[in-house]
Amino acid sequence: MANEKNKNGKEQGQKIVIAERDNIAAVLENGKVTDFFIHRGEVLLGDVYLATVDNILPSIDAAFVNVGTERMGFLHAQDVMGKGSLKDKLSPKQKLVVQVVKEPTGHKGPRVTTQISLPGRFLVLMPNETGVNVSKKIESSRERARLKAILNLIKPVGIGVIIRTEAEGQSEADIQEDLEILLEKWNNIITSAETMTPPNLIYRDQDLLYRVIREACTEETKEIIVDTAFAMNRVQNILQNWHINKNINVTLYKGTEPLLVAMDIHKEIKAALNVKVNMPSGGYLFIQQTEALTVIDVNSGKFVSSATQDETILKTNIEAVHEIARQLRLRNIGGMIIIDFIDMTSRADKLAMLEELEIALEPDKAKPQVGQLSDLGLVELTRHRQGQSLSEIFTKKCPHCQGSGCSIIDFNFATPTAEGEYRAKAAKLKLPVNNYKKNNKNNNQSKQQEETTVQTEQQIPEQQPMPSIEVENPSAVAVQETENREKNKRRGRKNKFEKPQGDKVETPLVVTEDVQTAQTILKPNEEIQPQIAEDVTIISNSEEPELQETPAAEPSSNTSSASEAEQTEEQSSTEAAPEQKTEEKPKRTRRPNRGTSKRTRTKKVKEENAEE
């Protein structure tokens with residue numbers, strides 16, 4: 001049934017669908033929706049309120065009035081009747097009768113005016129104006145004069161009237177009946193304003209059916225579809241009283257589905273809310289609305305059927321012109337509009353496109369004003385706002401992105417490392433001490449000794465939990481003493497065939513004092529322990545027989561020299577026994593420092609373990 005009606009609509013031309021249960025009406029031309037009439041919201045266009053002045057702001061030459069809603073009404077000084085400044089016209093807490101001329105949008109409240117206007121079928125009543133004005137679309141001077149003469153005779157004194165285009169050719173009785181209806185509405189408004197307390201709603205054109213027939217029903221209308229029997233009777237009565245075309249077919253929908261779903265009006269509403277709009281040729285539009293303006297971008301898409309590029313661009317732009325005019329009415333877009341057409345090189349093509357745009361926007365009652373075509377292919381136009389846009393009625397802001405379409409990701413900045421975590425990472429880190437020693441083999445001897453000292457300090461904690469540094473790290477003084485002793489022995493080898501001289505024998509240094517000095521250099525904060533002397537005595541006792549054999553094996557050339565050498569040797573052996581015993585040890589190893597240190601270290605460790 002719906003498909004048959006759609007086919008009939010395409011054949012018959014204009015069709016009007018009125019769903020009073022949903023307060024939505026749609027006008028279809030050749031099967032496409034061209035206009036929506038929606039009565040939804042707290043504040044509607046044309047409502048009359050009894051308001052009070054809340055705040056007067058001379059800096060912006062405006063005032064805010066309380067109309068009984070969440071947001072204040074904005075009243076500009078130009079919309080206030082009278083002469084003088086704004087403070088002379090208004091005062092705080094003053095009562096005013098205002099009418100909504102712009103519905104609230106976004107975060108802005110409704111805009112109101114004190115110049116009340118009540119539209120009718122053939123006339124528009126202006127109670128606070130004087131005189132009679134005729135629509136410019138009535139071109140016949142004789143008809144204009146006739147209508148103006150009729151109104152001057154029947155209208156009350158002190159009331160202004162605007163004659164609409166629909167009044168052309170109407171009789172005096174029809175015009176007078178329409179004027180009487182409007183005067184009755186105005187009298188009701190005055191009575192309510194005197195009896196009610198502000199802020200309060202005085203008048204609202206709640207009759208959606210009456211408004212749709214008044215605004216959209218023309219001679220081209222062939223069918224009107226309603227969803228209730230009461231609406232059907234009212235439509236028939238209005239058509240008879242207004243003497244509208246009798247060929248209009250009034251139909252009552254009796255299906256189980258909602259009327260808007262059966263007529264596919266809901267699909268048109270969803271399509272009008274999308275950003276992308278596809279065109280029949282393959283091109284498409286991008287329509288994006290913002291707080292300041294609306295941007296429309298034209299793209300050729302898949303349309304490549306023309307012979308040349310210029311022809312393809314011209315056809316795409318002309319097709320986009322008609323679709324843009326339709327979308328502006330469907331979406332009820334107002335304010336500044338920027339259209340980005342495809343760039344054209346030919347001046348004739350540009351003129352043809354602009355002419356087509358003017359023709360397509362002519363039926364729009366919002367009266368769009370088209371600017372010039374810029375060098376970048378942009379066209380600017382303005383359109384008067386009439387109520388809320390389609391997106392403001394059927395959409396709401398996303399709680400996550402607040403209507404921007406994008407959500408902010410988590411930054412995940414690096415936090416300061418905890419102390420325990422930092423210590424765990426430091427424990428896993430291995431210092432390159434061994435590699436440093438391998439890469440620096442050619443360093444001098446002093447650096448090698450320092451590295452050896454550092455290596456021994458690192459190895460001993462692994463073997464024993466409580467190391468002793470006294471024996472493990474021999475000082476530089478002990479190393480120097482062993483070198484001096486080697487030099488003395490070499491001198492004795494060279495002069496073994498000569499007479500030994502007793503006066504050249506050097507008196508040995510006290511080992512305990514030297515070791516104590518070495519220990520003081522290594523650890524100045526610790527006291528000298530008596531274990532150092534014991535270690536030296538242990539070393540001397542273990543090496544005593546080896547040191548006694550070496551002088552006895554030396555041959556002598558003269559008897560006198562041998563006797564003197566024996567006496568000197570006896571004296572030196574008794575006095576310097578500890579020194580000779582320590583000097584003989586390095587003969588077995590070429591590096592006495594390491595040999596003595598290792599054996600002394602092991603013995604020292606054993607003694608400490610025994611003492612513990």
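For clarity, every value in this text was computed on a predicted model and none was experimentally measured. Positions are given from 1, in the same order as the sequence printed here.
Between S407 and C401, the shortest heavy-atom contact is N-CB, 4.3 Å. In plain terms, the two heavy atoms of A231 and T228 that are nearest each other are CB-OG1, 3.1 Å. In terms of heavy-atom proximity, L381 sits nearest to V370 at CB-CA, 3.9 Å. In plain terms, the two heavy atoms of A63 and L86 that are nearest each other are N-CD2, 4.2 Å. Closest approach of C217 and I248 over heavy atoms only: SG-CD1, 3.6 Å. Contact between L376 and D343 at its shortest, heavy atoms only, is O-OD1, 3.2 Å.
Proximity of E20 to V226: side-chain heavy atoms (C-beta onward) are nowhere separated by under 4.5 Å. L44 is not listed as a side-chain neighbour of V100, based on a closest heavy-atom distance of 4.5 Å or more. Annotation: side chain of F122 is not in contact with side chain of R164 (no heavy-atom distance under 4.5 Å). Looking at heavy atoms from C-beta onward, N200 lies out of side-chain contact with Y49 at the 4.5 angstrom threshold. In this structure the side chain of K276 never reaches within 4.5 angstrom of the side chain of L285, judged on heavy atoms. The shortest distance between side-chain heavy atoms of S389 and I333 does not fall below 4.5 Å. The closest side-chain heavy-atom distance from T221 to I224 is below 4.5 Å. The side-chain heavy atoms of M279 and Y284, taken from C-beta on, include no pair separated by under 4.5 Å.
Rounding to the nearest 0.5 angstrom, the gap separating the CG atom in D22 from the CG atom in L208 is 10.5 Å. Note that CG of L50 and CG of L201 are 10.0 Å apart. Values are rounded to the nearest 0.5 Å. Note: F394 CZ to F36 CZ = 7.5 Å, rounded to the nearest 0.5 Å. Separating the CG atom in N299 from the CZ atom in F341 is a distance of 12.0 Å, to the nearest 0.5 Å. Remark: L182 CG to E180 CD distance equals 10.0 Å, nearest 0.5 Å. The NE2 atom of H384 sits 12.0 Å away from the CD atom of Q369 when rounded to the nearest 0.5 Å.
A donor-acceptor contact under 3.5 angstrom links the side chains of D174 and S171, judged on distance only. A donor-acceptor contact closer than 3.5 angstrom is absent between the side chains of S300 and T316. Between the side chains of Q14 and T218, at least one donor N or O sits under 3.5 Å from an acceptor N or O. Of the N and O atoms on the side chains of E223 and T251, at least one donor lies less than 3.5 Å from an acceptor on the other residue.
Residue pairs meeting the salt bridge (Lys or Arg N to Asp or Glu O under 4.0 Å) criterion with at least one partner in residues 364-379, sequence neighbours excluded, are E215-K365, D364-R383. Among residues at least two apart or in separate chains, ring-ring contact (aromatic ring centres under 6.0 Å, His included) pairs with a member in residues 65-84 are F64-F74. Under the salt bridge (Lys or Arg N to Asp or Glu O under 4.0 Å) criterion, the residue pairs touching residues 135-153 are E143-R146, with sequence neighbours excluded. For residues 350-359, the side chain to side chain donor-acceptor pair (under 3.5 Å) pairs, not counting sequence neighbours, are H322-E356. Residue pairs meeting the side chain to side chain donor-acceptor pair (under 3.5 Å) criterion with at least one member in residues 61-74, sequence neighbours excluded, do not occur. Within the structure, side chain to side chain donor-acceptor pair (under 3.5 Å) contacts touching residues 110-124 (residues at least two apart or in different chains) are D79-R111. Sorted by first and then second residue, the salt bridge (Lys or Arg N to Asp or Glu O under 4.0 Å) pairs involving residues 123-135 (not counting sequence neighbours) form an empty list.
In summary, of the residues considered (T294, L361, I287), a side-chain contact (heavy atoms from CB on, under 4.5 Å) with L328 occurs for L361 alone. Checked options V132, D178, I181; the residue passing with L123 is D178 (criterion: side-chain contact (heavy atoms from CB on, under 4.5 Å)).
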- request: Report the C-alpha separation of I202 and N188 in whole Å, then their side-chain angles, then the decisive distance to 0.1 Å, and conclude whether the side-chain contact (heavy atoms from CB on, under 4.5 Å) test is met.
  value: CA-CA 9 Å; I202 297 177; N188 294 332; over 6 Å; no
Chi angles and distances behind the side-chain contact (heavy atoms from CB on, under 4.5 Å) call for V379, L373: CA-CA 5 Å; V379 176; L373 179 66; 3.3 Å; yes
task: Verify side-chain contact (heavy atoms from CB on, under 4.5 Å) between K15 and I225, making sure each step is shown before the conclusion.
output: CA-CA 8 Å; K15 181 191 299 184; I225 304 174; 3.8 Å; yes
message: One pair to check against side-chain contact (heavy atoms from CB on, under 4.5 Å): L390 and L330. What are the steps and the verdict?
response: CA-CA 8 Å; L390 197 69; L330 278 180; 5.6 Å; no
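At least one donor-acceptor pair under 3.5 Å links the side chain of E103 to the backbone N or O of L45. N237 places a side-chain N or O within donor-acceptor distance of the main-chain N or O of N233, the cut-off being under 3.5 Å. When atom types are taken as modelled, the side chain of K87 and the backbone of S91 share no donor-acceptor pair closer than 3.5 angstrom. Of the possible polar contacts, one joining the T34 side chain to the V27 backbone as a donor-acceptor pair under 3.5 Å is found. Looking at T191, its side chain does come within 3.5 Å of a backbone N or O of N187 through a donor-acceptor pair. A donor-acceptor distance shorter than 3.5 angstrom exists from the side chain of R326 to the backbone of V33, with no hydrogens or angles considered. Remark: side-chain polar atoms of N317 are paired, donor with acceptor, to backbone N or O of I342 under 3.5 angstrom.
Partners of E319 by side chain to side chain donor-acceptor pair (under 3.5 Å), not counting sequence neighbours, listed by chain and number: S281. Partners of D227 according to the side chain to side chain donor-acceptor pair (under 3.5 Å) rule, which considers only residues two or more places apart in sequence or in another chain, do not exist here. For the side-chain contact (heavy atoms from CB on, under 4.5 Å) test, residues two or more places apart in sequence or in another chain that qualify with A51 are V65, V67, V98. Listed by chain and residue number, nothing satisfies the side chain to side chain donor-acceptor pair (under 3.5 Å) test with S141 (two or more places apart in sequence, or in another chain). Contacts of D54 classified as side chain to side chain donor-acceptor pair (under 3.5 Å), with partners at least two apart in sequence or in another chain: none.
No salt bridge links E323 with R331; every basic N to acidic carboxylate O contact stays at or beyond 4.0 Å.
Open room surrounds CD1 on I408; 12 or fewer heavy atoms of other groups in view lie less than 6.0 Å from it.
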